[in-house]
Amino acid sequence: MKYMLLIHSGAVDEQGGAPQCTVEDWMAYDKDVRDAGILVSGESLADLVTATTVRVSPTGERTVTDGPFAETREPEEARVAVEAVFREERGLLLASLVRRFGDLDLAEEVTSEAIEAALRHWPAEGVPARPGAWLLTTARRKAVDRLRRDRAYAARLAVLRADAERADAERVEAVAAPTGHGELPDERLQLFFTCTHPALAAEDRTALTLRCLAGLTTPEVARAFLVPTATMAQRIVRAKKKIREARIPFRVPGPDELPERLPGVLQVVYSVFTEGYAASSGRSLQRLDLAEEALRLARILHRLLPDGREAAGLLALLLLVHARRAARTGPEGEPVLLEDQDRGLWDRAMIEEGRALVVHALTGGPAGPYGVQAAIAALHDEAADVESTDWAQIVALYDVLLTLTPSPVVAVNRAVAVAMRDGPGAGLALLDALGGEPRLRTYGPYAVARGDLLTRLGRDGEAAEAYREALDLAGTEPERAALRRKLGEGPGGLAGG
């Protein structure tokens, strides 16, 4: 027999609202207990028609209710609805509120308060037909009330401005589409450019984007950066303070600025995905939660910039790479090289979506770096195996990429492709020519590539040296374990070479 225990506090604050435990706190706690493996069960306990509910009040009074279990089912449905809206539309809410009130802190506070109000009202009143619009209206009213009540927080002019815009906002809601993203004015593009403004430190841009646009809680962002929650909280506060003090505008750059600013926005999303695709440290090679958040952000950007070829290229690249996620690690979490992956595990629907976007990214003018990288990924995904891959075309695309973004990392990838086209000796010569590049001294994949090509050439002693160098640089335990196995391969083992 299984039991479900529901604990409810009847406490209220001085304004009559719920205690300041936000839905973000609940979501963070829920994730923590799931990750820790201490959540005993989350599945249905019994058929909803026949289940028995036992309630114990703070005074010890017990109430036993036989089916239909409606009182428990309705709060659960409301909670799921709030969580879904929160995850998907938090960026929409914040963007709309920041534009109206000009303060990111205020926008975050009233967004959380609106979600808490939903958790109180929706179980009793039902989930509204347009939940995002309900949250926006509630948050806006709370912001107006806050500005009226706290004169130390906002000047009288801000109150008048909020009042003047309230009618306009309600008019927007009245004419909005009843379903989908059309129900809220979508101002996330402005928020993207604010969070990734070049006046902010690079690490702060990524943190703020995850916090405001991906909907991650501060503890979740801290886990993404592998830092304590307090440290991340200080970083986010610092970024918001910079936005306020530097008066960073909440707007989309004009046509003259956009070509310079858009790459910074795309780079933040790409950086998040890179950490998810190949974690810099920890026990796992991949961090799928981060990769999927980056993919969601890339989808939002593409939706907001439908004619943007590089936004399409970034989304295509992420889809085509993420499609291989199930085949990239073995049963014990060990890395599986591209040539050894079971291509039957690749996500074909994701690949097809990515291929269509590549066409868009490469059509209508000179290709951008994300479009070119997506084209390379598409060639890998289209091939039946490594041997039938069009390595000549991949090398040619790397040549184009080197002209767009000269980088030693791109040069390393090109050398590996040349090795597949022309043989290990040709690739090794290119890698050795890059040996003096300072940025490659701490780049583990460079040492791994040298070790692999040296092994193919039968130069086991030199290969072992390269693998030891890579072992010192490896950030995750699966990478280190794989390199230790490489050092034990071959007659007598490379480690003894």
Side-chain angles (χ1 to χ4, degrees), residues 87-92 94-95 180-181 186-197 202 205-216 220-221 224-225 252-253 258-259 261-279 286-326 328 346-364 367-378 380-381 401 404-405:
R87 257 304 189 226
E88 185 61 26
E89 302 201 33
R90 185 177 191 274
L92 281 166
L94 281 180
H181 292 282
D186 198 334
E187 290 145 338
R188 284 175 295 185
L189 195 56
Q190 290 97 317
L191 191 55
F192 264 110
F193 281 100
T194 300
C195 291
T196 59
H197 196 279
R205 295 176 213 161
T206 305
L208 206 56
T209 300
L210 287 173
R211 180 75 180 83
C212 295
L213 285 155
L216 271 64
E220 287 173 332
V221 179
F225 282 82
V252 176
L258 192 59
R261 292 285 309 281
L262 183 57
V265 177
L266 301 177
Q267 178 61 46
V268 166
V269 178
Y270 181 75
S271 296
V272 174
F273 181 80
T274 299
E275 179 62 26
Y277 168 78
Q286 301 182 94
R287 302 187 60 188
L288 296 179
D289 56 338
L290 270 187
E292 285 162 6
E293 288 298 344
L295 190 55
R296 193 160 66 88
L297 288 172
R299 287 189 186 281
I300 292 171
L301 270 175
H302 178 57
R303 195 158 56 234
L304 296 175
L305 295 167
D307 297 326
R309 292 167 55 235
E310 272 296 81
L314 175 63
L315 178 55
L317 173 62
L318 269 52
L319 287 166
L320 291 163
V321 173
H322 196 56
R324 309 174 202 147
R325 62 195 180 281
R328 291 190 61 237
W346 290 3
D347 189 328
R348 305 313 304 184
M350 195 170 280
I351 289 171
E352 291 307 310
E353 183 183 0
R355 290 178 63 197
L357 285 165
V358 170
V359 174
H360 174 45
L362 299 181
T363 303
Y370 292 112
V372 174
Q373 291 179 76
I376 293 171
H380 284 299
D381 288 1
L401 189 58
L404 295 172
T405 55

Can you tell me how far the [atom1] atom of [X] sits from the [atom2] atom of [Y], to the nearest 0.5 Å?
| X | Y | atom1 | atom2 | result |
| --- | --- | --- | --- | --- |
| L315 | L301 | CG | CG | 9.5 Å |
| R328 | W346 | CZ | CH2 | 11.0 Å |
| R299 | E353 | CZ | CD | 4.0 Å |
| T209 | E293 | OG1 | CD | 12.0 Å |
| L208 | L191 | CG | CG | 7.5 Å |
| D381 | I351 | CG | CD1 | 4.0 Å |

Is there a side-chain contact between [X] and [Y], using heavy atoms and a 4.5 Å cut-off?
| X | Y | answer |
| --- | --- | --- |
| H302 | L357 | yes |
| F273 | L297 | no |
| V358 | L320 | yes |
| Y270 | L317 | yes |

Next item on the list: Quick one: do L262 and L305 satisfy side-chain contact (heavy atoms from CB on, under 4.5 Å)? Show the steps, please.
Entry: CA-CA 10 Å; L262 183 57; L305 295 167; 3.8 Å; yes
Next item on the list: Could you pull out all residues at least two apart from E352 that satisfy side chain to side chain contact (heavy atoms under 4.5 Å, CB included)?
Entry: R355
What are the two closest heavy atoms between [X] and [Y], and how far apart are they?
| X | Y | answer |
| --- | --- | --- |
| A316 | G354 | CB-O, 3.5 Å |
| R261 | P253 | NH1-CG, 3.7 Å |
| R205 | V268 | CB-CG2, 4.1 Å |
| L404 | P369 | CD1-N, 3.8 Å |
| G371 | A361 | CA-CB, 4.1 Å |

Item checked: Pairs involving residues 304-313, ordered by first then second residue, that meet side chain to side chain donor-acceptor pair (under 3.5 Å) (sequence neighbours left out) -> none
Checklist line | Backbone of H322 reached by a side-chain donor or acceptor of R325 within 3.5 Å | finding: yes
Next item on the list: Test side-chain contact (heavy atoms from CB on, under 4.5 Å) on T405 and V372 and set out the steps.
Entry: CA-CA 11 Å; T405 55; V372 174; over 6 Å; no
Notebook entry, point to check: Please walk me through it: do L318 and Y370 pass side-chain contact (heavy atoms from CB on, under 4.5 Å)?
Noted result: CA-CA 10 Å; L318 269 52; Y370 292 112; over 6 Å; no
Next item on the list: Compute whether any side-chain donor of one residue and acceptor of the other, for S271 and Q267, lie under 3.5 angstrom apart.
Entry: yes
